[in-house]
Asks: 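I have a structure I would like to understand better, so I am pasting it below and will then ask my questions one at a time.
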Protein chains: 2
Amino acid sequence: MVPAPRPTYSVIAKAAGVSEATVSRVLNGDESVHPDRAKRVQDAVDKLGYRKNRVASALASGRSGLIAVVIDDDLSVFSDPFWGTVTSGVSRILSENGIHTVLMVSPVGSIDGGVAHYLKSGEVDGAIFFVLHSDALVNNLKKSGLPMVIAGTPHSSLDIPFVDTDNFGGAYAGTKHLINQGCKKIACITGDIGTTAAKQRLDGYLQAFRETGGIPAKGLICEGDYSLESGMHHARMLLETHPDVDGIFASNDLMAAGAVTVLQDLGRLVPEDVKVVGFDDALIAQTTRPALTTIRQDVVALGEAAGSLMIAQLNGEDVKPIITPTELIIRASA
Amino acid sequence: MVPAPRPTYSVIAKAAGVSEATVSRVLNGDESVHPDRAKRVQDAVDKLGYRKNRVASALASGRSGLIAVVIDDDLSVFSDPFWGTVTSGVSRILSENGIHTVLMVSPVGSIDGGVAHYLKSGEVDGAIFFVLHSDALVNNLKKSGLPMVIAGTPHSSLDIPFVDTDNFGGAYAGTKHLINQGCKKIACITGDIGTTAAKQRLDGYLQAFRETGGIPAKGLICEGDYSLESGMHHARMLLETHPDVDGIFASNDLMAAGAVTVLQDLGRLVPEDVKVVGFDDALIAQTTRPALTTIRQDVVALGEAAGSLMIAQLNGEDVKPIITPTELIIRASA
DNA sequence: ACTACCCGCGAAACCGCTTTCACGAAGTCT
DNA sequence: AGACTTCGTGAAAGCGGTTTCGCGGGTAGT
């Protein structure tokens, strides 16, 4: 193996008849170099096919050009196409800005674990967190000045920029749709209530409900956990406790699909007897029969928002949270 | 922002009363240091909470401790939970070995593009490729001596290590199952035939078919593209051209689900009239009614295999391709 | 006892780029 | 015209490790 001998500053400098310092200035966009010399450098760079050694650059400047995407969980999360897609969005925006994405899939756990050390070690210029189970680490890291972005609304009100889908608005629109379709008794199957998204979606449901002047009857709100099984389970329970339920808003499509299956098995027609609305517009929303009416969130946009928030921070701009809009997708189930 | 002042070799060396060279030796597991001194160094390291600066280390040693995972495509690929899961597996194995994963989602295109340059630049110690559309880049990179692993069987016979699922065996087992269930006229809906996996699965189908002594009738083999729509489309065509078809082997679950939907819409009972087998054991296999009989592949294992193949190469061992086994999962559809 | 090795270890060069500092030339101000 | 800035630039000192080289002392061979 004969590694191509990559030219270094000294070669460029010699070829252009300037000092290495000047080469550095030109390559880093320092305006103070005389245009003529800058051009000489640029020509030498082009001619020799020079590419900066990012490692050396990182060591000298203290900026690594790397952003960590930290997924505070084990494998399971990443198998969810949702996070894969978000990651793609992040990665695309970052690489457009010459920054690479390093992936850390690991339960973050303590503020003293491996991930924490890594993030503090200065090997990355920033970190983007997915599926944050606790705000402890982030809170701790904030003191170190590491630029961070959180995907999903954090539990506590940290002044760390985050991006999130308009969970509240989406849930509100979904529930409103059920009301407009004439549903009188609308249940809600929530997601894992330990997540902020599930809470926000519940709030959206409640808000729409409240505007009808009513209050959800006891038992119409079921605490699910985003799984197919919990959708099935709660649909079954609902039919027992509230046989007259005529609308279900589920906090994601998977639970909605589970609910539809159970409803049908128990002889209810969807949407004739019971209308169902999901959330996410996941693939399953299209494959379920009847296809699910659902709330679409633009997942790629979410990732891109996270990426651009990070870029903005690296540029020293101060940033505000970004909430991406949702869209009601009407299909057959409601 | 007050970055914690991280200790350096000079501090450790002073504290332990040895030279920096010795510190380096100890930290890199050089056996030639006297145990007593090694211990002194280790104690100092522990006491001061020293952590090596990977960037400096990378510059000096030429090893970055980074492995690139290159996905030769745009966002769409990563929305497929399959690759997300594989990536998790890779990432886990690598991080257990102190190596980080940098993610590059980008159409690789020419052997002269940004990704290619990056890989050649020595900033990563190796590269793992997913969804390789062409062998050109890999072939070119091979000359540079960069350790590589390909996920999925490459198109041409490169002597680059790869990992793959036993596509042939899985398809064979699936088709065989249909035969054993009494199917006489078994169709195959292939995946995008530009992928090696689709070809291998088709071969497995053909092999099982051949063993029955027959030859698939003209038109029983339909070229799909892994999408739900193509599954639906080809099921529709099949019912027209071969109304007596009684078994369908689809190259993935999504197409199988599409086929099931169409079959039912057109009045066929699954599995009574037509039995259907999918491939992947994706989530949709469980949510489809009837639930799909399918070929499960161990996706995490695939990722871990890719990771360990990379580690082995970095250790200078020579490696062989790894084919992970599949498993027939019998549900309701066949 | 004398030369020949081997071993453990420190000094110092080096990896390739960034950044401070100071210097000379040119421009500005009294 | 002399003193003071400003501007463009190069020399050189890092950044924090790794690795080569060679030295001194102990062991071995004869």
Side-chain angles (χ1 to χ4, degrees), chain A residues 3-42 44-45 48-66 98 117-118 120-125, chain B residues 3-42 44-45 48-66 98 117-118 120-125:
Chain A
R6 299 218 295 153
T8 67
Y9 269 16
S10 88
V11 177
I12 303 295
K14 211 156 292 174
V18 301
S19 73
E20 296 186 24
T22 297
V23 175
S24 176
R25 291 188 182 105
V26 172
L27 265 47
N28 291 311
D30 186 325
E31 298 289 330
S32 70
V33 177
H34 189 98
D36 290 356
R37 310 186 127 238
K39 178 159 187 342
R40 293 224 308 274
V41 171
Q42 195 55 57
V45 165
L48 279 64
Y50 174 81
R51 316 208 87 227
K52 190 144 74 177
N53 179 325
R54 296 171 63 114
V55 176
S57 168
L59 175 59
S61 69
R63 275 172 267 111
S64 65
L66 257 33
H117 269 300
Y118 182 69
K120 284 186 204 161
S121 73
E123 292 170 50
V124 293
D125 296 342
Chain B
R6 300 216 297 154
T8 67
Y9 268 16
S10 88
V11 177
I12 302 294
K14 212 155 290 174
V18 301
S19 72
E20 297 186 23
T22 297
V23 175
S24 176
R25 290 189 183 104
V26 172
L27 264 48
N28 291 312
D30 187 325
E31 298 288 333
S32 70
V33 177
H34 188 97
D36 289 357
R37 313 187 127 238
K39 178 157 188 345
R40 294 224 307 274
V41 171
Q42 195 57 56
V45 165
L48 280 64
Y50 174 80
R51 315 206 91 225
K52 190 145 72 177
N53 178 324
R54 296 171 63 114
V55 176
S57 170
L59 176 59
S61 70
R63 275 171 269 109
S64 66
L66 257 33
H117 269 301
Y118 182 70
K120 283 187 205 163
S121 72
E123 291 169 52
V124 294
D125 296 343

Asks: If you only use heavy atoms from C-beta on, which nucleotide in dG8(C), dG16(D), dT9(D) is closest to the side chain of S32(B)?
Replies: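 Nearest to the side-chain atoms of S32(B), counting from C-beta on, is dG8(C).
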
Asks: Could you walk me through whether V18(B) and V26(B) pass the side chain to side chain contact (heavy atoms under 4.5 Å, CB included) test, one step at a time?
Replies: CA-CA 11 Å; V18(B) 301; V26(B) 172; over 6 Å; no

Asks: Could you measure the distance from the NZ atom of K52(B) to the CD1 atom of I12(B)? Nearest 0.5 Å is fine.
Replies: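 Here the interatomic distance stands at 12.0 Å.
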
Asks: Can you name the nearest heavy-atom pair linking A13(B) to S19(B), along with the distance?
Replies: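 Shortest heavy-atom separation between A13(B) and S19(B) comes out as CB-C, 3.8 Å.
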
Asks: Find the distance R40(B):CZ to dG8(C):P and express it as a whole number of Å.
Replies: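 Between P of dG8(C) and CZ of R40(B): 16 Å.
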
Asks: Can you see which heavy atom on D125(B) is nearest to which on G62(B), and at what distance?
Replies: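 Looks like OD1-O, 4.2 Å.
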
Asks: If we only count heavy atoms from C-beta on, is the V23(B) to Y50(B) side-chain gap below 4.5 Å?
Replies: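 The answer is no; the side chains never approach within 4.5 Å.
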
Asks: Quick one: L59(A) CG to dG17(D) P, roughly how many Å, whole number?
Replies: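 The answer, rounded to whole Å, is 9 Å.
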
Asks: With a cut-off of less than 4.0 Å, is there a side-chain N or O of R54(B) near OP1 or OP2 of dG17(D)?
Replies: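 It does not, given that no N or O in the side chain of R54(B) lies less than 4.0 Å from OP1 or OP2 of dG17(D).
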
Asks: Any side-chain N or O of T8(B) under 4.0 Å from OP1/OP2 of dG16(D)?
Replies: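 No.
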
Asks: Which pairs count as salt bridge (Lys or Arg N to Asp or Glu O under 4.0 Å) when at least one residue sits in residues 15-32 of chain B, sequence neighbours excluded?
Replies: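 As it turns out, there is no salt bridge (Lys or Arg N to Asp or Glu O under 4.0 Å) pair with a partner in residues 15-32 of chain B once direct neighbours are skipped.
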
Asks: Measuring only between side-chain heavy atoms, which start at C-beta, is V33(A) closer than 4.5 Å to R40(A)?
Replies: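 Not in contact.
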
Asks: Can you list, in residue-number order, the parts of residues 9-17 of chain B that come under 4.0 Å of DNA chain D, counting heavy atoms only?
Replies: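 Per residue number, the list reads Y9(B).
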
Asks: Quick test: give all pairs of protein nitrogen or oxygen and nucleotides 23-27 of chain C nitrogen or oxygen below 3.5 Å, distance rounded to 0.1 Å.
Replies:
none

Asks: For residues S64(A) and A58(A), report the shortest heavy-atom separation together with the two atoms involved.
Replies: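 Nearest heavy atoms, S64(A) then A58(A): CA-CB, 3.7 Å.
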
Asks: If a pair satisfies salt bridge (Lys or Arg N to Asp or Glu O under 4.0 Å) and one of its residues is in residues 53-65 of chain A, list it, with sequence neighbours excluded.
Replies: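 Every pair satisfying salt bridge (Lys or Arg N to Asp or Glu O under 4.0 Å) with a residue in residues 53-65 of chain A: R54(A)-E123(B).
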
Asks: Answer with base, sugar-phosphate or nothing: what part of the nucleic acid does V33(A) contact at a heavy-atom distance below 4.0 Å?
Replies: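 Sugar-phosphate contact only.
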
Asks: Starting from the first five and the last five pairs of the helix from dA1(C)-dT30(D) to dT30(C)-dA1(D), work out the angle between the resulting helix axes, to 10 degrees.
Replies: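 Terminal axis comparison yields 30°.
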
Asks: OP1, OP2 of dG16(C) versus side-chain N and O of R51(A): anything below 4.0 Å?
Replies: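 No.
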
Asks: Distance check, rounded to the nearest 0.5 Å: T8(A) atom OG1 versus N53(A) atom CG?
Replies: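 With rounding to 0.5 Å, OG1 (T8(A)) is 10.0 Å from CG (N53(A)).
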
Asks: Could you give the CZ-to-P distance, from R6(B) to dG16(D), as a whole number of Å?
Replies: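 My rounded result for the distance is 9 Å.
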
Asks: Could you tell me the separation between the CG atom of D30(B) and the C1' atom of dG10(C), rounded to a whole number of Å?
Replies: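 Those two atoms, CG and C1', are 14 Å apart.
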
Asks: For V18(A), report the nucleic acid contact type (base, sugar-phosphate, nothing); a contact means any heavy atom under 4.0 Å.
Replies: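 Sugar-phosphate only.
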
Asks: For nucleotides 19-21 of chain C, which of its nitrogen or oxygen atoms have a protein nitrogen or oxygen under 3.5 Å away, and what is each distance?
Replies:
residue, atom, partner, partner atom, Å
dT19(C), OP1, R63(A), NH2, 3.3
dT20(C), O4, R25(A), NH2, 3.4

Asks: In whole angstroms, how far is the C1' atom of dG10(C) from the CZ atom of R37(B)?
Replies: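 Atom CZ in R37(B) sits about 9 Å away from atom C1' in dG10(C).
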
Asks: Please report the distance, rounded to the nearest Å, between NE2 in H34(A) and P in dG10(D).
Replies: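 Distance, rounded to whole Å: 12 Å.
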
Asks: What heavy-atom pair brings L27(A) and V41(A) nearest, and what distance separates the two atoms?
Replies: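 Heavy atoms of L27(A) and V41(A) come nearest at CD1-CG1, 4.2 Å.
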
